[in-house]
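Everything below concerns the one structure shown next.
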There are 2 protein chains.
Amino acid sequence: MVASSVWVRWPRRQTQFPARPTRPPTRGDPPVSTGRPTLADVAVAAGVSVSTASLAFSGAGPIAAATRDRVLAAAADLAYPGPNPLGQQLRTGRSGIVGAIFGDRLRRSFRDPVSIQMLDGLAQSLGAHDIGILLIPSEAGDVPPLVAHAAMDAAVVVLCNGPDDAVVAALARRGIPVVLVEGDLGAPTERDGPAGRVPASHPTARVGIDDRRGTEALVRTLRALGHERFGVVALPFGHDRRLGEPDPARDPRSGYLATRRRLAGIADAGVVPEIVIETPASLVEHGRSAGHEILSRPDPPTAIIALSDLLASGVVLAARELGLRVPEDVSIAGFDGLDLPWLAPDVLTTVRQPLAEKGRQAGEAAIALIAGVPFPPVILPVQYEQGTTTAAPRAASHSNG
Amino acid sequence: MVASSVWVRWPRRQTQFPARPTRPPTRGDPPVSTGRPTLADVAVAAGVSVSTASLAFSGAGPIAAATRDRVLAAAADLAYPGPNPLGQQLRTGRSGIVGAIFGDRLRRSFRDPVSIQMLDGLAQSLGAHDIGILLIPSEAGDVPPLVAHAAMDAAVVVLCNGPDDAVVAALARRGIPVVLVEGDLGAPTERDGPAGRVPASHPTARVGIDDRRGTEALVRTLRALGHERFGVVALPFGHDRRLGEPDPARDPRSGYLATRRRLAGIADAGVVPEIVIETPASLVEHGRSAGHEILSRPDPPTAIIALSDLLASGVVLAARELGLRVPEDVSIAGFDGLDLPWLAPDVLTTVRQPLAEKGRQAGEAAIALIAGVPFPPVILPVQYEQGTTTAAPRAASHSNG
DNA sequence: CTGAAAGCGCTAACAC
DNA sequence: GTGTTAGCGCTTTCAG
């Protein structure tokens, strides 16, 4: 049974909203006179000059209380909604907007709480300065028109792809300061990729976490429990997203920094995984697929490290579906420190990163760069968190893996 | 064991980025000359007038190909990044930005895939017109500064609270067209709430779904299966969010439209629920709490209707935790039509709504209003979808409920 | 097809 | 404490 099966859509009339009367157009008069009162109108009504009227609103200079009240009263009379931001912006050269560019589809990024929590922190620090966030979803590879044309005072770029990131190059060309979250531009000598050149002098800041030491600590803990044979479910390596074992031919220098660093931490702990599955995105279903792939093998590894909690939770689901007990039959760990109530009764062993703080720092970085102040790189610490999904392997076999 | 325990933060130097040389300031010269090339510079370099140079970039008028090439070459020479959007915006009176205002915390809204999918659709339709989305998180009740001051050509307001919504009033005062998603302004006569007056003439559009008939169809189906005793886990009733049985004293006319309408649909199907639990937000954990509350009672209802899928999935978790089989012991249904892979092997019985399409329509509405064209109300259909979480009650007792 | 002129709405340096 | 003045960078008539 279907609730309703047609698209209800009332006919559209072509009538315009009532146009306000405009003064007779003179030569060179732009056709876009809004008809709304301006600061000049208020000034006339209050019997003061425009500059004084401006002061009444901005408070950016000395003004007699009586004068200010007179101006505000006149404004109220005229239903003047306050200074037009467009005029302010042109005059001050500031838009009051910071672009947030996600190197991925909105849909995919936003199904991941990691992006959201970061965005929340970003909104906090920028909001405190009355700076707005312009959402710029960006398909992998191409440069969205908004990056090229929208007004913004700075941009926060999440998950850029290294030296050749065309988005960052476009921003640099426009002179827009860039905050790189979980990204870098490569060594200065590498910055002249085909897509563009980011001059070393371009105002840039970096905010990241110490993920390398995070996975290292995690893996060391698992080794101490007796695990010797590891599987890894990895985040995407780069914009060319795929599911399966990674292409051995890929340039290990390129691709997403977070993925590279978290893998490096595993190596730091002295572990060479028996199997690595790359996923196209940090989503439960991809973790589930990867989990099935790894756990269905004969004699699978005793511990699986997923590079994100969403992936790890997918692996847990896969294990459950295969009738494996977690952590008795297989230990599963994640990364991020998300709250995943639906995994109950299990609680993921993970490496918690300060997501909101990362966003907040990115916001502070943007604010600093806008003010012309350099912002030194920030690397936030992460913390190992024991959950219920890891334990010693059933038979801590000392046979070589 | 802890990966690292201090906040790594390198010392901040106070050096400025190298300031570009500015021409000696003359009287009245604003201090904010960017030093970057302008269209005038390009025009000089190309040996044409500014108006011609403008045409070379906008293509909004006749221009000789040779002239255009000369201008573009000069622009490339000067590393001119294209017309400054701030100038364009003041001149055209358009910011190219639509505000997206969520009547809730960013964090909360964005943990809910419903908001995200809508936002994705919104980005689609606005992006096709090169219009950017300004993200405006809004605490319940107060008017964010960005609503009052940010430049935008229109605003999409999600989940407004009825006639007295201060955010909508503020937008109306500024003359900014408003698209209401899942909201209304009450009857015209009610629009003069204490918080503000939204004149009937103010450009406004509405986009919603046929949720009333959705829950009606759902409940009728359950009744046909033999269910007679229902519990309801409700979305928040209004900005005053709480968990528990609803305040009987609340004005049934106020509060979130979606909640009211979905409840109305249940009544339409001839059902008076034995128990209603209101939740503070559409989140799994609240559904879980509510589920425990309902299912722990003696002789609980045989069917539980949650007004969102996230809430419903929480109820499923609660049932599992209480050792109840779904749907044998209790039927559970949701609303939205989300993909919840982690609920496997269960698939929610639900009412699917076209979320992305809702966002797309909101975007189209905004575009229409910006162009001064009225946009008639849109009510999108919903569709009942049978999952595995509903079935006939174990003993379809015909004793009166 | 190109150039001249006018001004969108505002702020801020400076003179009074 | 207030007014004068000069644009911010751009688009768009309209004349040639």
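Below, chains carry the letters A, B, ... as their sequence lines are ordered, and counting in each starts from 1.
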To the nearest 0.5 Å, tell me how far [X] [atom1] sits from [Y] [atom2].
X: B:Thr67; Y: B:Leu55; atom1: OG1; atom2: CG; value: 10.0 Å
X: B:Leu126; Y: B:Glu364; atom1: CG; atom2: CD; value: 8.0 Å
X: B:Leu180; Y: B:Leu171; atom1: CG; atom2: CG; value: 9.5 Å

Point to revise | Pair of N/O donor and acceptor under 3.5 Å linking C:dA4 base with B:Ser51 side chain | key: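 Donor-acceptor pair under 3.5 Å: yes.
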Check your understanding: Closest to the A:Ser49 side chain: D:dG3, D:dT11, C:dC8?
Key -> D:dG3
**Study point:** Proximal nucleotide (of C:dA13, C:dA4, D:dC10) relative to the B:Leu39 side chain
**Key:** D:dC10
**Study point:** Test item: A:Arg36 side-chain N/O and A:Ala79 main-chain N/O as donor-acceptor pair under 3.5 Å
**Key:**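 No, because the side chain of A:Arg36 does not come within donor-acceptor range (under 3.5 Å) of the backbone of A:Ala79.
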Rounded to the nearest angstrom, tell me the gap between atom [atom1] in [X] and atom [atom2] in [N].
X: B:Arg91; N: D:dT12; atom1: CZ; atom2: P; answer: 6 Å
X: B:Leu86; N: D:dG7; atom1: CG; atom2: C1'; answer: 14 Å
X: A:Arg94; N: C:dA12; atom1: CZ; atom2: P; answer: 11 Å
X: B:Asp41; N: D:dC8; atom1: CG; atom2: P; answer: 10 Å
X: B:Gln88; N: C:dG7; atom1: CD; atom2: C1'; answer: 16 Å
X: B:Gln89; N: C:dG9; atom1: CD; atom2: P; answer: 14 Å
X: B:Leu55; N: C:dG3; atom1: CG; atom2: P; answer: 11 Å
X: B:Asn84; N: D:dG7; atom1: CG; atom2: P; answer: 18 Å

Check your understanding: Going by number, which of residues 57-72 of chain B have a non-hydrogen atom under 4.0 Å from DNA chain C?
Key ->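 Nucleic-acid contacts, sorted: B:Pro62, B:Ile63, B:Ala64, B:Thr67.
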Exercise for review: Before giving the answer on side chain to side chain contact (heavy atoms under 4.5 Å, CB included), spell out for B:Leu86 and A:Leu90 the whole-Å C-alpha distance, their side-chain angles and the decisive distance to 0.1 Å.
Suggested key: CA-CA 5 Å; B:Leu86 263 29; A:Leu90 176 58; 4.2 Å; yes
**Study point:** 5'-most by nearest nucleotide on DNA chain D - B:Ala40 or A:Thr52
**Key:**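 Its nearest nucleotide being more 5', the pick is A:Thr52.
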Listed pairs under 3.5 Å, donor-acceptor, residues 149-159 of chain A side chains, sequence neighbours left out:
{"residue": "A:Asp153", "atom": "OD1", "partner": "A:Ser95", "partner atom": "N", "Å": "2.8"}
{"residue": "A:Asp153", "atom": "OD1", "partner": "A:Ser95", "partner atom": "OG", "Å": "3.1"}
{"residue": "A:Asp153", "atom": "OD2", "partner": "A:Ser95", "partner atom": "N", "Å": "3.2"}
{"residue": "A:Asp153", "atom": "OD2", "partner": "A:Gly96", "partner atom": "N", "Å": "2.8"}

Review point. Counting only side-chain N and O atoms of A:Tyr80, is one of them less than 4.0 Å from OP1 or OP2 of C:dC10?
Key: yes
Point to revise | Counterpart residues, side-chain hydrogen bond (donor to acceptor under 3.5 Å, both in side chains), relative to A:Ser58 (two or more places apart) | key: none
